[in-house]
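Note: hydrogens, waters and symmetry copies are ignored here, and every other heavy atom, side chains too, is used.
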Amino acid sequence: MIAAAALVSCTQASSGGGPGADVPAASADPAADRARIAEDTENADPAEREATAEEPAVVPTPGPALVRDAFATLQATLDDTCTPGAGDCAYFLGRVTRELTELDESMRADDKGPGHFKKPLADMKVLFDKLGDDRSEAHLETYFSEIVGTRDGINTWMQDHPDDYR
């Protein structure tokens with residue numbers, strides 16, 4: 001009996017019967033596969049076409065970093081500096097400004113709400129209002145003290161709020 005069942009199963013698989021028999025095999029020619037899919041879609045009734053229509057690929061965008069992670073990257077700049085006018089500030093000031101921007105975004109999106117981060121968010125707003133959209137080295141050097149001061153002030157504030165970064 002078991003042998004007969006196995007024989008029937010093998011016969012169905014080799015003859016095209018059995019599970020998956022109604023699934024067309026993929027051909028070696030991708031263009032032929034696309035043409036077959038287009039033809040199948042064309043012959044389907046409108047409800048089937050709507051159900052099988054491909055959704056546009058939505059690429060998820062990463063949300064703001066956790067406050068802890070954003071603060072860690074800002075804190076990594078604490079021992080760094082540059083000399084305004086010496087031509088070595090583009091990377092440093094650009095990085096600190098970028099880290100502050102990311103911290104601002106993460107604080108605003110945090111479950112505790114922006115009210116919890118009122119002081120650092122206010123300090124960053126003052127800085128960002130001064131900076132505007134210009135992120136050129138010369139412009140950032142003009143605001144060197146404000147950028148570094150905001151970074152240092154936020155570091156001090158965060159040290160008093162260890163539950164936000166540990």
Side-chain angles (χ1 to χ4, degrees), residues 23 26-42 44 46-166:
V23 178
S27 70
D29 182 10
D33 288 341
R34 285 192 298 274
R36 182 180 42 76
I37 291 169
E39 182 180 326
D40 290 348
T41 302
E42 201 173 282
E48 282 182 294
R49 272 192 296 239
E50 187 176 315
T52 60
E54 284 189 39
E55 293 289 324
V58 176
V59 179
T61 54
L66 296 172
V67 171
R68 178 198 59 201
D69 297 339
F71 177 60
T73 58
L74 177 67
Q75 204 173 23
T77 69
L78 284 177
D79 293 330
D80 296 342
T81 191
C82 67
T83 306
D88 65 345
C89 284
Y91 172 76
F92 170 71
L93 292 175
R95 178 176 175 197
V96 172
T97 303
R98 184 177 57 252
E99 302 297 351
L100 287 169
T101 300
E102 290 172 5
L103 183 60
D104 181 87
E105 291 170 357
S106 66
M107 286 178 169
R108 291 181 189 287
D110 191 82
D111 291 340
K112 293 178 182 177
H116 175 73
F117 301 102
K118 191 174 183 177
K119 171 82 168 111
L121 287 172
D123 292 347
M124 287 185 279
K125 181 178 180 351
V126 169
L127 174 66
F128 298 149
D129 286 348
K130 288 179 182 178
L131 293 177
D133 293 331
D134 188 352
R135 295 298 187 261
S136 67
E137 181 178 11
H139 184 71
L140 293 177
E141 284 183 359
T142 303
Y143 295 100
F144 175 87
S145 296
E146 288 89 342
I147 294 169
V148 172
T150 301
R151 175 200 65 184
D152 295 348
I154 289 172
N155 180 62
T156 301
W157 187 91
M158 289 294 286
Q159 295 301 325
D160 290 336
H161 296 82
D163 58 308
D164 291 319
Y165 68 91
R166 288 193 181 152

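Of the inter-residue distances, the one linking Asp104 atom CG with Thr150 atom OG1 reads 11.0 Å to the nearest 0.5 angstrom. The distance from the CG atom of Leu103 to the CZ atom of Arg108 is 10.5 Å, given to the nearest 0.5 Å. Atom NZ in Lys130 sits 12.0 Å away from atom OG1 in Thr142 (nearest 0.5 Å). Residue Thr77 holds its OG1 atom at 5.5 Å from CZ of Phe92, rounded to the nearest 0.5 Å. Atom-to-atom distance recorded for Leu74:CG and Arg95:CZ is 8.5 Å, nearest 0.5 angstrom. A distance of 13.5 Å separates CE of Met124 from CD1 of Ile147, quoted to the nearest 0.5 Å.
A 4.5 Å side-chain heavy-atom check between Asp152 and Leu78 finds at least one atom pair inside the cut-off. Using a 4.5 Å heavy-atom cutoff, the side chains of Phe128 and Thr101 are in contact. Considering only heavy atoms from C-beta on, Leu121 stays 4.5 Å or farther from Lys125 through its side chain. Side-chain contact between Lys112 and Val67 is absent, with no heavy atoms from C-beta onward closer than 4.5 Å.
Of all heavy-atom pairs between Thr73 and Glu99, the closest is OG1-OE1, 2.6 Å.
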I'd like to know whether Thr156 forms a side-chain contact (heavy atoms from CB on, under 4.5 Å) with Gln159, so could you lay out the CA-CA distance, the side-chain angles of the two residues, the decisive distance to 0.1 Å, and finally the verdict. CA-CA 5 Å; Thr156 301; Gln159 295 301 325; 5.7 Å; no
For a side-chain contact (heavy atoms from CB on, under 4.5 Å) check, start with the C-alpha distance between Asn155 and Phe71, then their side-chain angles and the critical distance, and finish with the verdict. CA-CA 8 Å; Asn155 180 62; Phe71 177 60; 3.3 Å; yes
Going through the distances and angles, do Tyr143 and Leu93 end up as a side-chain contact (heavy atoms from CB on, under 4.5 Å)? CA-CA 9 Å; Tyr143 295 100; Leu93 292 175; over 6 Å; no
Mind running side-chain contact (heavy atoms from CB on, under 4.5 Å) on Leu131 and Glu146 for me, showing each step along the way? CA-CA 10 Å; Leu131 293 177; Glu146 288 89 342; over 6 Å; no
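Aromatic ring pairs are classed by plane angle as parallel below 30°, tilted from 30° to 60° and perpendicular above 60°; the pair His116 and His161 is perpendicular.
Side-chain atoms of Glu137 come within 3.5 Å of backbone atoms of Cys89 as a donor-acceptor pair (strictly under, hydrogens ignored).
The environment of Lys119 atom NZ is sparse: at most 12 non-hydrogen atoms of other residues, nucleotides or ligands sit within 6.0 angstrom.
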